[in-house]
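Just so you know, residue 1 is the first one in the sequence shown, and it goes up from there.
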Amino acid sequence: MGLFEGKKGLIFGVANKYSIAWGIAQALAAEGAELGFSYAGPALERRVRPLAESLNARYIEPCDVTRDEDIERAFAKAQEVYGTIDFLVHAIAFAKREELDGRFVDTSRDGFHLAMDVSVYSLVALTRAAEPLMPNGGSILTLTYYGSEKVMPHYNVMGVAKAALEASVRYLAADLGPKGIRVNAISAGPIKTLSASGVAGFRRMLHHFSKVAPLRRNVTQEDIGKTALWLLSDWANAVTGEVIYVDAGYNILGLTVPLEELS
Ligand code: NAP
């Protein structure tokens with residue numbers, strides 16, 4: 001019997017089969033979870049629907065997380081289909097391409113607001129909407145990146161958004177802990193996905209990462225999926241408000257030069 005047999009949850013943020021959210025969905029489905037999928041808008045339905053249907057999803061709904069009415073409708077529908085849910089995955093981020101090149105100091109007001117709205121406020125809004133569907137407790141998971149803590153080339157406004165996202169995880173965990181709802185983040189190493197390809201120089205960054213990370217490799221969707229399973233399951237039932245690194249150890253380094261080059 002799978003770890004998630006009899007458990008139901010929603011996944012926000014599958015864009016295509018390379019999405020981190022899809023890696024998490026596959027890991028959950030393999031353990032028997034019943035999954036519902038929400039995607040950003042009509043343009044994505046063509047890609048997301050066949051993936052969701054391959055896991056027999058009963059819930060496949062559009063939701064632009066910048067629109068309160070979309071969130072309200074998406075969760076009303078989830079309540080209709082499932083009644084209650086056990087977990088929620090938030091794997092959503094966005095910044096304008098021009099903000100992910102050049103200097104952070106040149107970030108526009110509009111670009112700053114948009115990145116914070118889609119990548120940070122959406123977690124707050126989705127968590128609030130999920131709360132009534134989790135009367136017996138639950139687990140909420142978001143995705144972050146080390147650019148929240150250290151300056152990463154071209155990550156710019158998204159680094160600032162991820163710092164705010166991680167702080168939001170802690171505040172949400174404190175608010176919802178008394179109801180048995182846990183909120184955590186996985187800080188993933190770089191993976192080539194649609195959003196990641198918007199960051200200038202990403203391919204070279206991936207190469208560098210695999211040369212210096214303690215495990216001497218990049219991380220995969222499957223790596224993230226396995227840790228997500230743990231955080232979303234009862235195995236992590238006393239873990240909340242945390243940022244867990246799944247990054248082949250990269251974040252522990254003080255000097256990101258391979259040891260071989262120093263000897
Ligand atoms: P992805 O496949 O492109 O997924 C990002 C998702 O966010 C897409 O489904 C995208 O839909 C959705 N989104 C953007 N704006 C939205 C909106 N207004 N409403 C609803 N959904 C919206 O990329 P990913 O790399 O898997 O990203 C998932 C999460 O992992 C993000 O939070 C990202 O920052 C984080 N992360 C990624 C990496 C990495 O290296 N890939 C590392 C650490 C953390 P559209 O395509 O329609 O915009």
#### Entry: Beyond-backbone contact of Phe4 with Leu232, side-chain heavy atoms, under 4.5 angstrom
yes

### Residues Ser108 and Asp110: side-chain donor-acceptor under 3.5 angstrom
no

### Query
Are Leu126 and Val169 in one and the same hydrophobic cluster, where Ile, Leu, Val, Met, Phe, Trp and Tyr link if side-chain heavy atoms are under 4.5 Å apart?
yes

### Test item: Ser38 side-chain N/O and Glu61 main-chain N/O as donor-acceptor pair under 3.5 Å
yes

### Query
Within the distance-only criterion (no hydrogens, no angle test), does the side chain of Ser19 pair as donor or acceptor with the backbone N or O of Ala21 below 3.5 angstrom?
no

### Task
Verify side chain to side chain contact (heavy atoms under 4.5 Å, CB included) between Ile181 and Met134, making sure each step is shown before the conclusion.
CA-CA 7 Å; Ile181 300 174; Met134 294 180 163; 3.8 Å; yes

### Message
Check whether Asp223 reaches the backbone of Thr220 with its side chain - one donor and one acceptor, N or O, closer than 3.5 Å.
### Response
yes

### Task
Keeping the roles fixed (side chain from Ser139, backbone from Ser233), state whether a donor-acceptor pair exists under 3.5 Å.
no

### Query
Any idea how Tyr82 and Tyr59 line up, ring-wise: parallel (<30°), tilted (30 to 60°), or perpendicular (>60°)?
tilted

### Query
Side-chain contact, heavy-atom cut-off 4.5 Å: Leu165 with Thr142?
yes

#### Entry: Audit row: Ile244, Leu231, side chain to side chain contact (heavy atoms under 4.5 Å, CB included) steps and yes/no
CA-CA 9 Å; Ile244 307 287; Leu231 281 170; 4.0 Å; yes

### Task
Return yes if some donor-acceptor pair links the side-chain N/O of Ser187 with the main-chain N/O of Val243 below 3.5 Å, else return no.
no

### Message
Give me each pair satisfying ring pair (Phe, Tyr, Trp, His ring centres under 6.0 Å) with a member in residues 124-162, each pair once, sequence neighbours excluded.
### Response
Tyr145-Tyr155

### Closest non-hydrogen atom pair between Leu35 and Ala57, with its separation
O-CB, 3.3 Å

### Under 3.5 Å: donor-acceptor pair, side chain of Asn156, backbone of Gly102
yes

### Task
Side-chain contact test, heavy atoms from C-beta onward, threshold under 4.5 Å: evaluate it for Thr256 versus Phe209 and give yes or no.
no

### Message
Rounded to the nearest 0.5 Å, what separates atom CD1 in Ile11 from atom CG in Leu55?
### Response
9.0 Å

### Message
Between Arg103 and Asp106 (salt bridge meaning N to carboxylate O under 4.0 Å), is one present in this structure?
### Response
yes

### Task
Might you confirm whether atom OH of Tyr18 has over 12 heavy atoms from other residues, nucleotides or ligands at distances under 6.0 Å?
no

### Task
Any side-chain hydrogen bond (donor to acceptor under 3.5 Å, both in side chains) involving residues 4-14? Give me the pairs, sequence neighbours left out, ordered by first then second residue.
none

### Within 6.0 Å of CZ in Arg97, more than 12 heavy atoms from elsewhere
no

#### Entry: Flag side-chain contact, heavy atom, 4.5 Å: Leu141 against Leu88
no

Can you give each donor-acceptor pair under 3.5 Å made by side-chain atoms of residues 114-122, sequence neighbours left out, with the distance rounded to 0.1 Å?
unit_1 : atom_1 : unit_2 : atom_2 : d
Ser119 : OG     : Phe94  : N      : 3.0
Ser119 : OG     : Phe94  : O      : 3.3
Ser119 : OG     : Ala115 : O      : 2.8
Tyr121 : OH     : Arg128 : NH2    : 2.9
Ser122 : OG     : His90  : NE2    : 2.7
Ser122 : OG     : Val118 : O      : 2.6

### Query
Is a side-chain N or O of Gln221 found less than 3.5 angstrom from the main chain of Lys17, in a donor-acceptor match?
yes

### Task
Report the C-alpha separation of Leu10 and Phe75 in whole Å, then their side-chain angles, then the decisive distance to 0.1 Å, and conclude whether the side chain to side chain contact (heavy atoms under 4.5 Å, CB included) test is met.
CA-CA 10 Å; Leu10 302 179; Phe75 279 84; 3.8 Å; yes

### Query
Among pairs that include at least one residue of residues 187-213, which meet salt bridge (charged side-chain N to carboxylate O under 4.0 Å, His left out), considering only residues two or more places apart or in two chains?
none

### Query
Is Asn218 reaching over with its side chain to a backbone N or O of Leu206, donor-acceptor style, under 3.5 angstrom?
yes

### Message
Looking at Glu242, is its backbone amide N or carbonyl O close enough to the side chain of Asn184 to form a donor-acceptor pair, meaning the two atoms are under 3.5 Å apart?
### Response
yes

### Task
Please list all pairs passing the side-chain hydrogen bond (donor to acceptor under 3.5 Å, both in side chains) test where one or both residues lie in residues 159-178, with sequence neighbours left out.
Thr144-Glu166, Ser148-Glu166

### Query
Looking at Tyr245 versus Tyr250, is the centre-to-centre ring distance below 6.0 Å?
no

Tell me which donor-acceptor pairs under 3.5 Å the side chains of residues 42-53 have, and how far apart each pair is, sequence neighbours excluded?
unit_1 : atom_1 : unit_2 : atom_2 : d
Glu45  : OE1    : Tyr39  : OH     : 3.2
Glu45  : OE2    : Arg49  : NE     : 2.6
Glu45  : OE2    : Arg49  : NH2    : 3.0

